[in-house]
**Q** 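Have a look at this one before I ask anything.
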Amino acid sequence: MKAVERAKLVRSLRQESRRLRLLVLVIGFFLVTLTFVVLSKPDALLFNLNGRLSVDDAPRSLLIRQATDATAGADPDQRSAAAAAAAQDPKVLDDFEDAEANTKGTTKDSEERAHTVRDPQQSAKKGPEPRLLGTSGGEGEKKGHRKVTLPTVSNYTIRDAEDGDNAKPQQGSKPETENKLEMVAGKGDGSQQQDWDNAEWESKPLCDFSNFRANVCEMRGNIRIHPNASSVMYMEPASSKRNELWKLKPYPRKGDELCLSKVTELTVKSSKVAPECTKYHNVPVVVFALTGYTGNLFHDFTDALVPLFTTASEFNGEVQFLITDMAIWWTRKYHVVFKKLSNYPLIDFNKDTDVHCAKHAIVGLHAYMEFTIDPSKAPHNYTMVDFNRFMRRTYELPREAVSALGEIPKAKPRLLIISRQRTRMFLNLPEIIAMAEGLGFEVVVEEANVSSDLSQFSKVVNSVDVMMGVHGAGLTNCVFLPHNATLIQIVPWGGIEGVCRIDFGDPAEQMGLRYKQYSIAVHESSLTDQYPLDHEIFKNPLAFHKGFEFIKETFMDKQNVRLDCNRFKPVLLQTLDLLNQ
């Protein structure tokens, strides 16, 4: 019996073991299945959100998908209400729109987006789309092309369907719908701003002739520049009634007929018909002349370089120059300036046969008083301090500012005397040098003329603390002086203090330089060798102010200076005091 009972017990244990193993397998399979569902498809556990599960406990991905489904089939008013409600819900993800673009939502939602891309004007009429971000419309549009992947059921099913129906795109390419969405998102508020800017430009005249110094035309839109016809055409819309025609010479000496007689006249007009483009420019185009008085150092700057800086520096090199009446030697002399202002080769307007097309063109240069910039009128409120800094950096000059005396041990203040060889010469230059050296200056004497190598001469000027000379073009080199350096202008006899002040005094102070003006007395003028002391030229020099050419011939071209060192010494002593500050 014991053997029989033992056999029954063994069979019973085996059966129980089988049941236990089966139960373990069933429970294990259930747990694995539950784990997979929870991790991969959490929405399958939630039948609805109307009572069994609170909104706070629901996963964000489901909220987003339900918000998308709810608004897809609703009318605009209902979608706006739903959007407002969702925007107040802290559980709605800030990147809702990004997730919606990535998951593509439902078929209706995709069709709505495609319609928005195809007809942007109709979309604009409806007003901005409702936001669930709590952010501004512009920011939402800028972010519209970013992808956010959320673990929702729709992500997996839609992605699987796409992979099955569509061929795999090439590397680096994007689906057409996504590219369209990115294009719309990229437009954002910037497109509206550009439309407003264009509307503002379309309401303005093409040219501004109100400046007493220079006429300037500026256009934005479809512009054709035809050198053979000496014309610049603004292509107006068919419905436009602008009908403008202007003629100008793009050189900033308005009213000076002698100067402008050699400058090519250009026609600026609005037109509905124009020749076809043969050359396109994706950057602004500036058209200006390089004749007139250029070749004289002072006029090189006041008529060309300062106005060119004022007009073109805002483009940071992304600007094309078309130059009428261009002198090759002149452009070579200032090639470093052109290279700094423009990243593109110069175009000789008079020898060019292309029809140039651009979206932004300026004809003429912004210019104001002699050798100055008017910050209240200049683009970006540029000043002569900016120009002075620009010239120092263009020629890679080391000194930005003057050091106070004593900061550099045993260093003497350096004085540069600009000498002249034909007119307005210093007749007692050795005496002047000796007097200055006796006061503690290290004296440098240089002559500035049209053939001077500016790259070398600029370094000499930048190395000194004080520069002095008789009124003339050589003083233009003050543009290379370091900040807080001193310019001393010697004014010849003849009552021309006002002219000298305008030409160099005001510009020097506007550049951040210190300025001293010394007017010579009768006994310091070589005119005493030509006229008796009781002559009208000494008693009433203003009587000889019969036009600039007469003044120039009488008081500039025929006069030299014999400086009275005792009379002039206080000026140098005052300069030393300024250097100590």
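Counting begins at 1 with the first residue of the sequence. Note that this is a predicted model, so its numbers are computed, not measured.
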**Q** Decide ring pair (Phe, Tyr, Trp, His ring centres under 6.0 Å) for Y293 and F298; before the verdict, give the C-alpha distance in whole Å, the side-chain angles of both, and the deciding distance to 0.1 Å.
**A** CA-CA 9 Å; Y293 293 141; F298 176 72; over 10 Å; no
**Q** Can you sort out the partners of D354 under salt bridge (charged side-chain N to carboxylate O under 4.0 Å, His left out), two or more places apart, ordered by chain and number?
**A** none
**Q** Check D506 with R501, please: is the shortest side-chain N to carboxylate O separation under 4.0 Å?
**A**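 Salt bridge between R501 and D506, a charged N being under 4.0 Å from a carboxylate O: yes.
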**Q** Give me each pair satisfying disulfide (SG to SG under 2.5 Å) with a member in residues 268-379, each pair once, sequence neighbours excluded.
**A**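 As it turns out, the disulfide (SG to SG under 2.5 Å) pairs with a partner in residues 268-379, which skip direct neighbours, are C277-C357.
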**Q** According to salt bridge (charged side-chain N to carboxylate O under 4.0 Å, His left out), who are the partners of D352, at least two apart in sequence or on a separate chain?
**A**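 Applying salt bridge (charged side-chain N to carboxylate O under 4.0 Å, His left out) to D352 gives none.
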**Q** Please list, one pair per line, the donor and acceptor atoms closer than 3.5 Å that link side chains of residues 466-480 to other protein atoms, with sequence neighbours excluded.
**A**
unit_1, atom_1, unit_2, atom_2, d
H471, ND1, Q489, OE1, 2.7
T476, OG1, A473, O, 2.7
N477, ND2, G474, O, 2.8

**Q** Within the side chain of T423, is there an N or O that forms a donor-acceptor pair under 3.5 Å with the backbone of D557?
**A** no
**Q** Enumerate the disulfide (SG to SG under 2.5 Å) contacts for residues 387-439, please, sequence neighbours excluded, ordered by first and then second residue.
**A**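 As it turns out, there is no disulfide (SG to SG under 2.5 Å) pair with a partner in residues 387-439 once direct neighbours are skipped.
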**Q** For S463, give me all partners under side-chain contact (heavy atoms from CB on, under 4.5 Å), at least two apart in sequence or on another chain.
**A**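 Partners of S463 by the side-chain contact (heavy atoms from CB on, under 4.5 Å) criterion, ordered by chain and then number, come out as R414.
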**Q** Quick one: does R224's side chain have a donor or acceptor within less than 3.5 Å of a partner on M233's backbone?
**A** no
**Q** Got a sec, which pairs hit disulfide (SG to SG under 2.5 Å) with one end in residues 508-563, sequence neighbours left out?
**A** none
**Q** For C217, which residues count as a disulfide bond (SG atoms under 2.5 Å apart) partner, sequence neighbours excluded?
**A**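 Applying disulfide bond (SG atoms under 2.5 Å apart) to C217 gives C207.
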**Q** So which pairs with a foot in residues 546-581 pass ring-ring contact (aromatic ring centres under 6.0 Å, His included), sequence neighbours left out?
**A**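 Every pair satisfying ring-ring contact (aromatic ring centres under 6.0 Å, His included) with a residue in residues 546-581: Y518-F568.
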**Q** How would you list, by chain and number, every residue that makes a side-chain contact (heavy atoms from CB on, under 4.5 Å) with N211, sequence neighbours excluded?
**A**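 Expected list: R213, Y368.
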**Q** Does N560 use its side chain to pair, donor to acceptor, with the backbone of R424 at less than 3.5 Å?
**A**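 Side chain of N560 to backbone of R424, a donor-acceptor pair under 3.5 Å: yes, one is there.
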**Q** Please, which pairs that meet disulfide (SG to SG under 2.5 Å) have at least one residue in residues 490-581, sequence neighbours excluded?
**A** none
**Q** For E524 and A521, indicate whether the former's side chain and the latter's backbone hold a donor-acceptor pair under 3.5 Å.
**A** yes
**Q** Is the side chain of N343 donor-acceptor paired with the backbone N or O of G317 at a distance under 3.5 Å, no angle test?
**A** yes
**Q** For L245, check side-chain contact (heavy atoms from CB on, under 4.5 Å) against everything at least two apart and list the hits.
**A** K247, T267, K269
